[in-house]
K.L.:
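Structure below; questions to follow.
Bear in mind that the values here come from a model prediction, so they are computed numbers and not experimental data. Side chains are part of it too, since the values below use all heavy atoms of this structure and drop only hydrogens, waters and symmetry mates.
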Amino acid sequence: MSLSVAIVIPAGPGDRAWTGLLPQLIAADAQEVVLVLAEGDDLAKQIFAARIVRAPAGRSHQLNAGASASQAEWLWFLHADSRLTPRTLEAMQDFVAKNEDAIGYFKLDFLDDGPKLMFLNAWGTALRSRFLGLPFGDQGLLLPRRVFDALGGFDEAIGKGEDHALIWMAREKSIPLRAINASIQTSARRYAENGWWKTTKTHLRMTREQATRFSRQAKTNEAIDRS
């Protein structure tokens, strides 16, 4: 018996990047595709092969709303500008079939819409995921609903870094992080628009600040548990 999967895609106000992703998901062995639009988004028509859900703007709110809108046993969170390779869906289905209490994540590649130096960012993402144990949301986090519920979903109290916070919580609860042998592609347009070094430096700074904050919180929680 195959396990049901819901693919949850949050989209910011006016974001239509998902129009390139949805056709790729038709072949997915998923119970449903949930497109979560921000409240106030002017899209009125129904989208083929996707269920439309609306939630307050903010990725954590939208991700949680999408998860709550489905009863599927597994949840696959994708960014609207994600794109799949021929191997992605097969690898997703293989990972779900194992039904492990773990969080899966994919290798991240960048589309050819950004600076030539983006290969360094892809390399850095691989190192961060493998050696620091910190995969992020643009790597297509894939997990059983029971694990998602045990983690309390995405933290809606933080403005950014909801994916980073979820991973830290998983580490705190000793939930394994598994690299899936396939890639997800994502847009590099922001690097082109804002400059490669400026954007890369900003992301590195934010990652360091978030890691410091979440690691401190984890230590605090551990001390509370011991007391």
K.L.:
Quick check for you: to the nearest 0.5 Å, what is the distance between F106 atom CZ and I180 atom CD1?
P.N.:
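The distance works out to 4.0 Å.
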K.L.:
For H79 and F136, run ring-ring contact (aromatic ring centres under 6.0 Å, His included): C-alpha distance rounded to whole Å, both residues' side-chain angles, the deciding distance at 0.1 Å, then the answer.
P.N.:
CA-CA 11 Å; H79 285 190; F136 287 169; over 10 Å; no
K.L.:
Where is the tightest heavy-atom contact between A80 and L21, given as atom of each residue plus distance?
P.N.:
O-CB, 4.0 Å
K.L.:
About how many Å separate CH2 of W76 and CD of Q93, when rounded to the nearest 0.5 Å?
P.N.:
8.5 Å
K.L.:
Take V53 and L37, measure what side-chain contact (heavy atoms from CB on, under 4.5 Å) needs, and give me the verdict at the end.
P.N.:
CA-CA 6 Å; V53 172; L37 300 177; over 6 Å; no
K.L.:
So, does T88 use its side chain to make a donor-acceptor pair with the main chain of I184 at under 3.5 Å?
P.N.:
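Checking the backbone N and O of I184 against the side chain of T88, no donor-acceptor pair under 3.5 Å is found.
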K.L.:
Quick check for you: to the nearest 0.5 Å, what is the distance between I103 atom CD1 and F95 atom CZ?
P.N.:
9.0 Å
K.L.:
Of T186, L25, L141, V8, which is the lone residue that meets side-chain contact (heavy atoms from CB on, under 4.5 Å) with L78?
P.N.:
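Among the candidates, only L25 passes.
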K.L.:
Before accepting this row, confirm whether a basic side-chain N of the pair R59/D163 lies closer than 4.0 Å to the acidic partner's carboxylate O.
P.N.:
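Looking at D163 together with R59, the answer is no, because their closest N to O distance does not fall below 4.0 Å.
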K.L.:
Under the side-chain contact (heavy atoms from CB on, under 4.5 Å) rule, what do I175 and L177 come out as? Steps first, then yes or no, please.
P.N.:
CA-CA 7 Å; I175 294 172; L177 304 172; 5.8 Å; no
K.L.:
When rounded to the nearest 0.5 angstrom, what is the spacing between NZ in K107 and CD in Q139?
P.N.:
11.5 Å
K.L.:
Where do A102 and R178 come nearest, in terms of heavy atoms and distance?
P.N.:
CB-CG, 3.8 Å
K.L.:
So, the side chain of E39 versus the backbone of A55: is there a donor-acceptor pair under 3.5 Å, distance only?
P.N.:
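No; zero donor-acceptor contacts below 3.5 Å.
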K.L.:
If hydrophobic clusters are built from ILVMFWY residues whose side chains come within less than 4.5 Å, do L204 and F110 share one?
P.N.:
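Each belongs to a different hydrophobic cluster.
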K.L.:
Do Q62 side-chain atoms and G58 backbone N/O form a donor-acceptor pair below 3.5 Å?
P.N.:
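Yes, the answer is positive, given that a donor and an acceptor are paired below the 3.5 Å cut-off.
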K.L.:
Give the minimum heavy-atom separation between A188 and D113, together with the two atoms involved.
P.N.:
N-OD1, 2.7 Å
K.L.:
For the backbone of G133 and the side chain of R171, can you confirm whether one donor and one acceptor N or O come within less than 3.5 Å of each other?
P.N.:
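At least one qualifying donor-acceptor pair exists.
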K.L.:
Compare every heavy atom of A38 with every heavy atom of R54, then report the nearest pair and how far apart it is.
P.N.:
NH1-O, 3.9 Å
K.L.:
Would F119 and L117 count as a side-chain contact (heavy atoms from CB on, under 4.5 Å) if you check the C-alpha gap in whole Å, the side-chain angles of each, and the deciding distance to 0.1 Å?
P.N.:
CA-CA 5 Å; F119 74 92; L117 290 174; 4.1 Å; yes
K.L.:
Might you work through the side-chain contact (heavy atoms from CB on, under 4.5 Å) test for M118 and Y191, ending with a clear yes or no?
P.N.:
CA-CA 8 Å; M118 292 309 301; Y191 291 83; 3.6 Å; yes
K.L.:
If every non-hydrogen atom of G161 is compared with every non-hydrogen atom of Q210, which pair is closest and at what distance?
P.N.:
CA-NE2, 3.6 Å
K.L.:
Is the number of heavy atoms from other residues, nucleotides or ligands within 6.0 Å of CG (D94) greater than 12?
P.N.:
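More than 12 heavy atoms, drawn from other residues, nucleotides or ligands, come within 6.0 Å of this atom.
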K.L.:
Would a hydrophobic clustering, with Ile, Leu, Val, Met, Phe, Trp and Tyr connected at side-chain separations under 4.5 Å, put L134 with F131?
P.N.:
no
K.L.:
For the residue pair V36 and L63, establish whether any side-chain heavy-atom pair is separated by less than 4.5 Å.
P.N.:
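Side-chain contact under 4.5 Å: no.
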K.L.:
Identify all side-chain donor-acceptor contacts of residues 145-158 below 3.5 Å with residues at least two apart in sequence or on another chain.
P.N.:
| residue | atom | partner | partner atom | Å |
| --- | --- | --- | --- | --- |
| R145 | NE | A72 | O | 2.7 |
| R145 | NH1 | A67 | O | 3.1 |
| R145 | NH2 | A67 | O | 3.0 |
| R145 | NH2 | S70 | O | 2.6 |
| R145 | NH2 | A72 | O | 3.4 |
| R146 | NE | D101 | OD1 | 2.4 |
| R146 | NH1 | N99 | OD1 | 3.3 |
| R146 | NH2 | N99 | O | 2.9 |
| R146 | NH2 | N99 | OD1 | 3.2 |
| R146 | NH2 | D101 | OD1 | 2.9 |
| D155 | OD1 | A157 | N | 2.9 |
| E156 | OE1 | H61 | ND1 | 3.1 |
| E156 | OE2 | N64 | ND2 | 2.9 |

K.L.:
Grab the two heavy atoms, one from P135 and one from Y105, that are nearest each other, plus how far apart they are.
P.N.:
CB-CG, 3.4 Å
K.L.:
Any carboxylate oxygen within less than 4.0 angstrom of a Lys/Arg side-chain nitrogen, looking at D41 and R16?
P.N.:
yes
K.L.:
Can you find a heavy atom in the side chain of T199 that is under 4.5 Å from one in the side chain of E193?
P.N.:
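SC-SC contact between T199 and E193 ruled out.
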K.L.:
Are the side chain of W74 and the backbone N or O of L142 linked by a donor-acceptor pair below 3.5 Å?
P.N.:
no
K.L.:
Is the closest side-chain donor-acceptor distance between S82 and D138 under 3.5 Å?
P.N.:
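The criterion, which ignores hydrogens and geometry beyond distance, is not satisfied for D138 and S82.
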K.L.:
Would you say that K173 contacts M169 through its side chain, given a criterion of any heavy-atom pair below 4.5 Å between the two side chains?
P.N.:
yes
K.L.:
Does the side chain of R87 pick up a donor-acceptor pair with the side chain of T85 at under 3.5 Å?
P.N.:
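Their side chains do not contain a donor-acceptor pair, so the 3.5 Å distance test is not met.
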K.L.:
Mind checking whether F214 and H164 have parallel, tilted or perpendicular rings, split at 30° and 60°?
P.N.:
perpendicular
K.L.:
Do NZ/NE/NH1/NH2 and the carboxylate oxygens of R213 and E209 come within less than 4.0 Å?
P.N.:
no
K.L.:
If you measure only the distance, is there a donor-acceptor pair under 3.5 Å linking the side chains of W196 and N121?
P.N.:
yes
K.L.:
From Q24 CD over to L84 CG, what is the distance, rounded to the nearest 0.5 angstrom?
P.N.:
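Answer rounded to 0.5 Å: 4.5 Å.
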K.L.:
According to a 4.5 Å side-chain heavy-atom criterion applied to Ile, Leu, Val, Met, Phe, Trp and Tyr, with indirect links allowed, do I9 and L108 form part of one hydrophobic cluster?
P.N.:
no
K.L.:
Check for me, please, whether L132 and I167 land in the same ILVMFWY cluster - side-chain distances under 4.5 Å, paths through other members count.
P.N.:
yes
K.L.:
Atom CD in E90, atom CE in M92: separation rounded to 0.5 Å?
P.N.:
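One gets 11.0 Å once the value is rounded to the nearest 0.5 Å.
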